[in-house]
Amino acid sequence: MIVFNFKEIISKTIEDLKTQNKRVGFVPTMGALHSGHLALVSKSLKENDIVVVSVFVNPTQFDKNEDLKKYPRTLNRDIKLLKTLSKSNIVVYAPSVKDIYGENIEAINFDFDGLENGMEGKFRKGHFDGVGTVVKRLLEIVQPHNAYFGEKDFQQLQIIKKLVEKYKLPLNVIGCEIYREESGLALSSRNERLSLEQKKAAPAIYKTLKKAKEKFANQSVNKVTKWVVAAFANQKLLQLEYFIIADVKTLKEINRKSSKKAYRAFIAVYAGEIRLIDNIALN
Ligand code: PAF
């Protein structure tokens with residue numbers, strides 16, 4: 001498996017592969033790969049001839065320096081995991097911060113037509129400017145036919161679709177369902193940092209989302225939201241940051257539902273200092 005560290009070299013290699021009519025899939029990651037990432041890579045292997053996996057902890061998308069410092073960095077383990085899927089059809093791009101940003105580690109200021117304003121955008125200031133900046137750069141370097149993103153970061157997925165539309169980037173953005181542990185906890189690189197006790201408590205997040213979905217069928221938005229807030233008030237190890245029901249298209253929080261629209265519930269919870277997010281389709 002080839003591991004590239006420099007953008008010029010990987011760009012040239014991919015360009016050559018494309019002239020040989022190879023289809024290129026791309027799975028951008030921040031490393032600390034888990035089965036959710038591997039499922040994205042497997043899907044991409046089925047739908048493309050070659051899959052590029054980037055491993056890059058992007059500094060501009062972290063609002064807390066502490067979180068950036070503590071983000072797990074496990075490149076050798078990541079490469080070993082990827083080799084279990086394919087030794088010849090996966091290439092890794094693991095650039096330095098300099099390779100991506102040069103001397104100027106700054107995010108572009110984007111307008112994603114309001115998709116960026118609520119939820120993660122509200123609670124993590126500048127987060128989506130950072131994500132947009134790095135994803136745009138990575139897409140320009142890799143120039144894939146298809147790029148794969150998980151629905152756990154549903155807001156991010158919608159924003160990346162908007163980025164691709166606005167900049168007319170020639171690729172398909174493919175969203176993939178949320179992968180969960182048996183307990184229901186959504187897979188995330190952050191799960192590695194949970195203590196045993198926190199790990200036992202965390203599945204309550206998805207359980208609550210499923211119950212909220214049931215309630216949403218015949219209760220008002222306000223009632224469902226109050227129920228969720230009360231459910232977390234009883235949780236010693238989990239602190240609710242937000243629970244929001246939003247229109248799937250605009251990602252705007254709603255107060256009243258209409259039978260003609262599709263909605264999703266979004267949640268962010270702290271287990272100690274570890275922030276976990278999840279979401280569920282409601283109708
Ligand atoms: O979802 C992630 O892991 C990151 O936000 C991404 C898309 C790789 C950009 O750094």
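Counting convention: from 1, in listed order, for ligands and their atoms alike.
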* Report yes if some N/O of Q61 lies less than 3.5 Å from some N/O of ligand 1; otherwise report no. =>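 Yes; the residue has a nitrogen or oxygen that sits under 3.5 Å from a nitrogen or oxygen of the ligand.
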
* **ligand 1 versus L138: contacting region, heavy-atom distance under 4.0 Å** =>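 Neither; no heavy atom under 4.0 Å.
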
* Asked: Can a donor-acceptor pair be found between the side chains of E120 and Y242 at a distance below 3.5 Å?
  ->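 There is such a pair (donor and acceptor under 3.5 Å, judged by atom type) between the side chains of E120 and Y242.
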
* Side-chain donor-acceptor pair under 3.5 Å between N255 and N222, yes or no? ->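 Note: N255 and N222 side chains miss the donor-acceptor criterion.
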
* **Test: R124 and E241 ion pair at under 4.0 Å** =>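 Here R124 does not pair with E241 in a salt bridge, since their nearest N and O are not under 4.0 Å apart.
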
* So which heavy atom in the protein is nearest atom 3 (O) of ligand 1, and how far is it from that ligand atom? ->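 So the nearest neighbour among protein heavy atoms is M30 CG, 3.7 Å.
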
* Asked: Quick one: nearest non-hydrogen protein atom to atom 1 (O) of ligand 1, plus distance?
  ->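 Going atom by atom, the protein heavy atom closest to atom 1 (O) of ligand 1 ends up being Q156 NE2, 2.8 Å.
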
* Apart from V269 itself, residues in the same hydrophobic cluster as defined by side-chain heavy atoms under 4.5 Å ->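 Its cluster partners, ordered by chain and number, are L185, L194, I205, Y206, L209, F216, V221, V224, W227, V228, V229, F232, L238, L240, F243, I245, I254, Y263, I267, I274, L276, I280, L282.
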
* To do: Could you list the atoms of ligand 1 found under 4.0 angstrom from a heavy atom of V134?
  =>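 Per the distance check, 9 (C), 10 (O).
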
* Asked: Would you say F149 and F154 make side-chain contact, with heavy atoms under 4.5 Å?
  ->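 Not touching, per the 4.5 Å side-chain cut-off.
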
